[in-house]
Amino acid sequence: MSVPVYERIVDLLEVEGINTLFGIPDPGFIHMAMLAEQRGWSVVAPHHEQAGGFMADAWSRMTGKPGVCFGTQGPGISNLAAAMIVAAKENSPTIFFGGQRSSIAYQRVRKGRIQFMDQVSQFKPMMKYVGIVEDADQVDEVVREAIRQVMTGKPGPAYVELPLSVIHEIRDWQPVLAAEQYRLTQQPAGAPMIEKAAELMRAAKNPILLVGQGMFTSRSHTIVGELAKLMDCPILQTSGCAMTIKGMEDRTFAYGFSPAGVAAAEESDLCIAIGTELGEPLHMGIGRHWAKKDATRKWIYIERDTMAFGVNRPIDVPLVGDLRDIVPQLVSAMKDTPRKSSAEFEGWKQLQKSFKAKLLAEVPSGGQQIHPARFIVEATRTLPDNTVFTADGGSVTIFGWTYSQYKPSDLVWNQNTGHLGTGLPYAVGAAIAAPGRPVVLVTGDSSFMFHIAELETAVRKNLPIVAIVGVDNAWGLEVGCWRKQVGPDSPETEAHWGSGVRFDTIAKGFGAEGVYVDREQDIAPAVQAAIASGKPTVIHVPIDPVANAMDAPNYEEFKSWYTDFKPGYGADAADVAY
């Protein structure tokens, strides 16, 4: 059938189950956007291309499919750069389409060409794949290669350039191939290695599952939960995977941020690492909480990237492949020989319960200003079970690690990058991907202001997003750095802004609901009312700026992630200057 290039691209994406486009329509992409909308796709225009990239990233995490974002030549693609970097660092399978002038523009020697730059050279270092459709006949191979690259091996982003001279060309095309006809869609591990893993699993006294963000982005919650039941062991959350599998709440502990998590790591004789890089926030699997039994602990590691094995620590059983295929293999291997929990595991459950109760009992309350810990407790204690939770960077998020009362099954956050300003775009992308579910963003004011214009996007798309903003009118973490490194009388240069900023009023200006809450007992009711309304809502909550800057919980654990500051893989966190 003869159709233009832009329609063929939509066909190639649609066969992969992709049904959403993010980007600001421009002369290069308006026809693609129009066609996608006519087919029933969601087409979402952000107010900044960078935000659109973050939205596509979040959509991908919530669906397990590649997110797709586009930007016009020159400035549009430049605006996508930060989202590209985050997608690369977060291992997010996002495809970025970029407009470009005619292919001949690359060969011109003339100066002063408007809206032209060598985009391929600029973005190639950060992309897993870069392709240019220089001729219409290349469309299938380039777009399929982009999908193949982002979905095979270690996930990551791709950039596909579409010159204006090509995108409207018409060709006769062969039938669209199904995914399994042109790329690897299943990747189980070899049977001998599965049996070797099963032997270690049956023999272990205190095994643990160390679960990273890969479980979430591959949508493998249920099958990982089945493995945890058969193993009857703890699930240790990495900092990037602070979500909980339904029914697994009492056995899920935060690595490093709870006594039960620390004890389980220290006493484990087998660690099954799933969907994690074993990076610095995990002390490479060697130092700090792992050091005690490192000489005897066995490791089973599921990883799609063959080059990742043994880099950060030795691995006893490397399972090469996709966790969506390998975890079911482990479940099958263990289903006839389920384990019984150890006495230590039962003790850790009680330790976790006591720890959480003590934390809650000690949260400051009743002061003249709302303590950030109390802000987190009240903002999260009444969230519905089906809430999609999104977070951003900053001090508020650090308090959230410890004091959140909600155990999300879906959490969208960029732990590896720590990029500020992703929270609201993530909330938009997640809401598009999960229609009918409330989406709650708990963030600080500094992060929220990066992409505040996307409130209009949430209103335009009628998305049930509730943003709860802790406001200290400052760069909270940076104020803490000033005071800790320079002293209590430091100038705190440009670390504060005017106290007249009112996010509830700004929200109303965008057409959203806005609520101002300055009493801690009113936070939870305000959140409940906002969720019940189903309307985009911003709740402005002033919080204690001194506590936000100086009282961040588990700060020593956070500092221990930066292993280049001092040898020992985070073992000497108390001595690290930060």
Side-chain angles (χ1 to χ4, degrees), residues 57 61 85-93 126 128 153-157 208-218 220 224 235-243 252-258 261-262 264-266 268 271-292 294 297-320 322-323 391 393 397-398 401 411-420 422 554-573 576 578:
D57 184 343
R61 298 185 196 205
I85 293 170
V86 171
K89 184 61 179 173
E90 295 292 312
N91 301 326
S92 294
M126 68 183 76
K128 192 176 179 188
K154 182 179 180 180
I208 57 173
L209 301 187
L210 182 65
V211 178
Q213 184 169 260
M215 179 205 73
F216 165 56
T217 56
S218 65
S220 300
V224 172
I235 298 173
L236 262 60
Q237 300 167 316
T238 68
S239 56
C241 188
M243 63 277 296
T252 302
F253 316 136
Y255 169 82
F257 289 95
S258 73
V262 170
E266 289 180 343
S268 63
C271 179
I272 306 171
I274 303 172
T276 172
E277 291 181 315
L278 297 179
E280 286 185 316
L282 293 172
H283 308 102
M284 312 294 185
I286 295 176
R288 200 157 171 85
H289 310 306
W290 306 106
K292 181 179 177 181
D294 186 54
R297 183 182 297 109
K298 301 296 184 183
W299 283 77
I300 298 170
Y301 189 25
I302 302 173
E303 173 59 60
R304 291 162 68 173
D305 180 7
T306 57
M307 298 299 291
F309 290 99
V311 176
N312 289 3
R313 67 147 298 110
I315 299 298
D316 298 282
V317 181
L319 297 178
V320 182
D322 193 318
L323 70 89
T397 295
I398 294 178
W401 295 341
L411 165 67
V412 188
W413 176 51
N414 67 88
Q415 175 264 317
N416 268 336
T417 321
H419 195 98
L420 294 182
T422 58
N554 292 301
Y555 196 67
E556 297 302 319
E557 185 72 16
F558 173 60
K559 287 195 301 182
S560 74
W561 294 359
Y562 295 85
T563 58
D564 53 338
F565 288 174
K566 194 173 181 72
Y569 298 95
D572 304 302
V576 176
Y578 181 77

Looking at every non-hydrogen atom in both residues, tell me the closest pair between [X] and [Y] and how far apart they are.
X      : Y      : answer
Gly285 : Asp294 : O-OD1, 3.9 Å
Gly261 : Leu236 : O-CD2, 3.7 Å
Ile208 : Ala265 : CD1-CA, 4.3 Å
Ser218 : Gly214 : OG-O, 2.7 Å
Pro157 : Ala88  : CD-CA, 3.5 Å
Ala308 : Glu303 : CB-CG, 3.7 Å

Please check this pair: side chain of [X] against backbone of [Y], looking for a donor-acceptor N/O pair closer than 3.5 Å.
X      : Y      : answer
Lys128 : Lys154 : yes
Thr276 : Leu278 : yes
Ser268 : Cys271 : no

So, taking the atom named [atom1] in [X] and the one named [atom2] in [Y], what distance separates them when rounded to the nearest 0.5 Å?
X      : Y      : atom1 : atom2 : result
Leu210 : Ile300 : CG    : CD1   : 12.5 Å
Phe216 : Cys241 : CZ    : SG    : 8.5 Å
Asn414 : Leu420 : CG    : CG    : 8.5 Å
Ile315 : Lys298 : CD1   : NZ    : 12.0 Å
Ser239 : Asn554 : OG    : CG    : 12.0 Å
Arg313 : Ile286 : CZ    : CD1   : 5.5 Å

Applying the side chain to side chain donor-acceptor pair (under 3.5 Å) test to Ser560, which of His283, Glu280, His289 qualifies?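 Considering His283, Glu280, His289, a side chain to side chain donor-acceptor pair (under 3.5 Å) with Ser560 is found only for His283.
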Residue of the set Arg304, Gln213, Glu277 for which side chain to side chain donor-acceptor pair (under 3.5 Å) holds with Asn91: Glu277
[Y] and [X], any side-chain heavy atoms less than 4.5 Å apart:
X      : Y      : answer
Leu282 : Tyr255 : yes
Asp57  : Val86  : yes
Trp561 : Pro281 : yes
Gln237 : Phe253 : no
Val211 : Thr238 : no

Stepwise salt bridge (charged side-chain N to carboxylate O under 4.0 Å, His left out) test for Asp316 and Arg297: CA-CA 9 Å; Asp316 298 282; Arg297 183 182 297 109; over 6 Å; no
Applying salt bridge (charged side-chain N to carboxylate O under 4.0 Å, His left out), run through Glu90 and Arg61 and close with a yes or a no. CA-CA 10 Å; Glu90 295 292 312; Arg61 298 185 196 205; 3.7 Å; yes
Centroid separation Phe309 to Trp299 less than 6.0 Å: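 No, they do not, as the ring centres are separated by 6.0 Å or more.
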